[in-house]
Number of protein chains: 2
Amino acid sequence: MIDYNNKKYICLLDFGVEFIRGKWKAVILCHLYKGPIRFLELQRTVKGISQKVLNDKLKELEQDGLIIKNIYAEIPPKVEYSLTDKGKDITRIIKEIEDWSIQYYPDLKDSCKQPD
Amino acid sequence: MIDYNNKKYICLLDFGVEFIRGKWKAVILCHLYKGPIRFLELQRTVKGISQKVLNDKLKELEQDGLIIKNIYAEIPPKVEYSLTDKGKDITRIIKEIEDWSIQYYPDLKDSCKQPD
DNA sequence: CCGAATCCTCCCCGATACTG
DNA sequence: CAGTATCGGGGAGGATTCGG
């Protein structure tokens with residue numbers, strides 16, 4: 001049992017999955033993998049995410065040490081986000097899930113949809 | 001945009017992650033990777049999961065085609081769960097997340113916990 | 001351009017009790 | 001031993017507004 005940040009994790013796998021939990025983190029990381037990117041550009045790329053949620057998730061990812069936030073003291077403000085090594089490593093794994101999804105997509109499409 | 005089972009997915013990655021979403025699915029799959037296992041034995045192994053949730057998750061995984069449910073017509077009832085090829089493939093990826101977690105655990109422990 | 005604050009909704013999950 | 005039914009709390013995330 002791992003006790004961490006006021007949460008309980010039953011094993012290291014559970015603990016590790018925590019860092020990409022939720023609908024958006026995996027997608028965000030994958031987009032960051034292409035290189036540093038600004039907030040608005042990221043929001044445009046990750047279609048459908050609200051400003052609030054994107055902000056929340058970026059903050060979490062930064063606190064977890066998966067991404068770095070670079071603030072440029074300019075007018076208008078410029079902020080760029082990029083992956084750390086730790087973040088790059090897990091993003092590579094995430095991309096395997098994407099490959100898996102692509103490989104099995106035709107199959108998954110059928111098995112999941114229940115016939116009426 | 002992928003429309004599937006009354007849910008919307010923004011991309012194939014989002015779609016793929018859906019199959020292991022939640023606190024338990026990844027852990028369950030990893031335990032099944034060792035070989036076929038019965039319900040109660042699985043519940044004992046996946047510490048802390050309730051019967052209801054384990055049942056729900058197994059049903060979802062079966063519908064998704066990631067696991068197979070083998071029912072033996074015996075008294076008392078015997079049911080064994082095992083991975084399909086599709087399930088094995090994604091479980092291998094999940095195990096990489098576990099490795100990542102192990103590798104970075106000391107680091108993660110520090111970065112995540114905010115100093116007061 | 002960036003992000004904090006508020007409010008609200010939905011669904012994951014836990015606890016408990018019951019059936020074959 | 002295996003699975004179902006019901007109730008309820010809490011967290012994730014969407015819409016909107018406001019501040020630097």
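Heavy-atom basis, side chains included; hydrogens, waters and symmetry copies ignored. Residue numbers start from 1 in every chain, and the chains themselves are labelled A, B, ... in the order their sequence lines are given, proteins ahead of strands.
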Open item on the list: With a sphere of 6.0 Å drawn around NZ of A/Lys8, does it hold more than 12 non-hydrogen atoms of other residues, nucleotides or ligands?
Closed with: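 For A/Lys8, atom NZ is not crowded (no more than 12 foreign heavy atoms under 6.0 Å).
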- [ ] Output the single nucleotide from D/dT4, C/dC2, D/dC1 whose closest atom is nearest the side chain of A/Pro77.
- [x]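 Between D/dT4, C/dC2, D/dC1, the one nearest the side chain of A/Pro77 would be C/dC2.
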TODO: Measure from the side-chain heavy atoms of B/Lys59 and tell me the nearest of C/dC12, C/dC1, D/dT4.
DONE: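 Out of C/dC12, C/dC1, D/dT4, the nucleotide with an atom closest to B/Lys59's side chain is D/dT4.
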Task: Residue pair B/Tyr104 / A/Asp89, side-chain donor-acceptor N/O under 3.5 Å - done: yes
Task: Polar side chain donor-acceptor pair, A/Tyr33 to A/Arg92, under 3.5 angstrom - done: yes
Please list each protein N or O that sits under 3.5 Å from an N or O in nucleotides 13-17 of chain C, with the distance.
{"from": "C/dC13", "atom 1": "OP1", "to": "B/Lys23", "atom 2": "N", "distance (Å)": "2.4"}
{"from": "C/dC13", "atom 1": "OP2", "to": "B/Lys57", "atom 2": "NZ", "distance (Å)": "2.8"}
{"from": "C/dG14", "atom 1": "OP2", "to": "B/Trp24", "atom 2": "NE1", "distance (Å)": "3.1"}

Return the value, rounded to whole Å, for the distance between atom [atom1] of [X] and atom [atom2] of [N].
X	N	atom1	atom2	answer
A/Ile37	C/dC2	CD1	P	10 Å
A/Lys7	D/dG10	NZ	C1'	11 Å
A/Asn70	C/dC2	CG	C1'	15 Å
B/Leu58	C/dC12	CG	C1'	16 Å
B/Leu54	D/dT4	CG	P	12 Å
B/Gln43	D/dT4	CD	C1'	14 Å
B/Phe19	C/dC12	CZ	P	14 Å
A/Glu60	D/dG13	CD	C1'	11 Å

- [ ] Find out whether B/Ile67 and B/Ile28 are in side-chain contact, i.e. whether some heavy atom of one side chain is under 4.5 Å from a heavy atom of the other.
- [x] no
- [ ] Would you verify whether the NZ or CZ of A/Lys78 falls within 45 degrees of the ring axis of A/Tyr72 while also being under 6.0 Å from that six-membered ring's centre?
- [x] yes
Task: Ion pair check, B/Lys95 and B/Asp99, cut-off under 4.0 Å - done: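 No salt bridge links B/Lys95 with B/Asp99.
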So, is [X] close to the [N] phosphate, meaning a side-chain N or O under 4.0 Å from OP1 or OP2?
X	N	value
B/Asn55	D/dA2	no
A/Arg38	C/dC2	yes
A/Tyr81	C/dC1	no

Open item on the list: Using the rule that Ile, Leu, Val, Met, Phe, Trp and Tyr join whenever any side-chain heavy atoms are under 4.5 Å apart, tell me whether A/Tyr105 and B/Ile93 fall into a single cluster.
Closed with: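 Yes; B/Ile93 is reachable from A/Tyr105 via cluster members.
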- [ ] Have a look at B/Lys69 and say if it touches a base, only the backbone sugar-phosphate, or nothing, with a 4.0 Å heavy-atom cut-off.
- [x]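 Counting heavy atoms under 4.0 Å across all strands, the contact made by B/Lys69 is with sugar-phosphate only.
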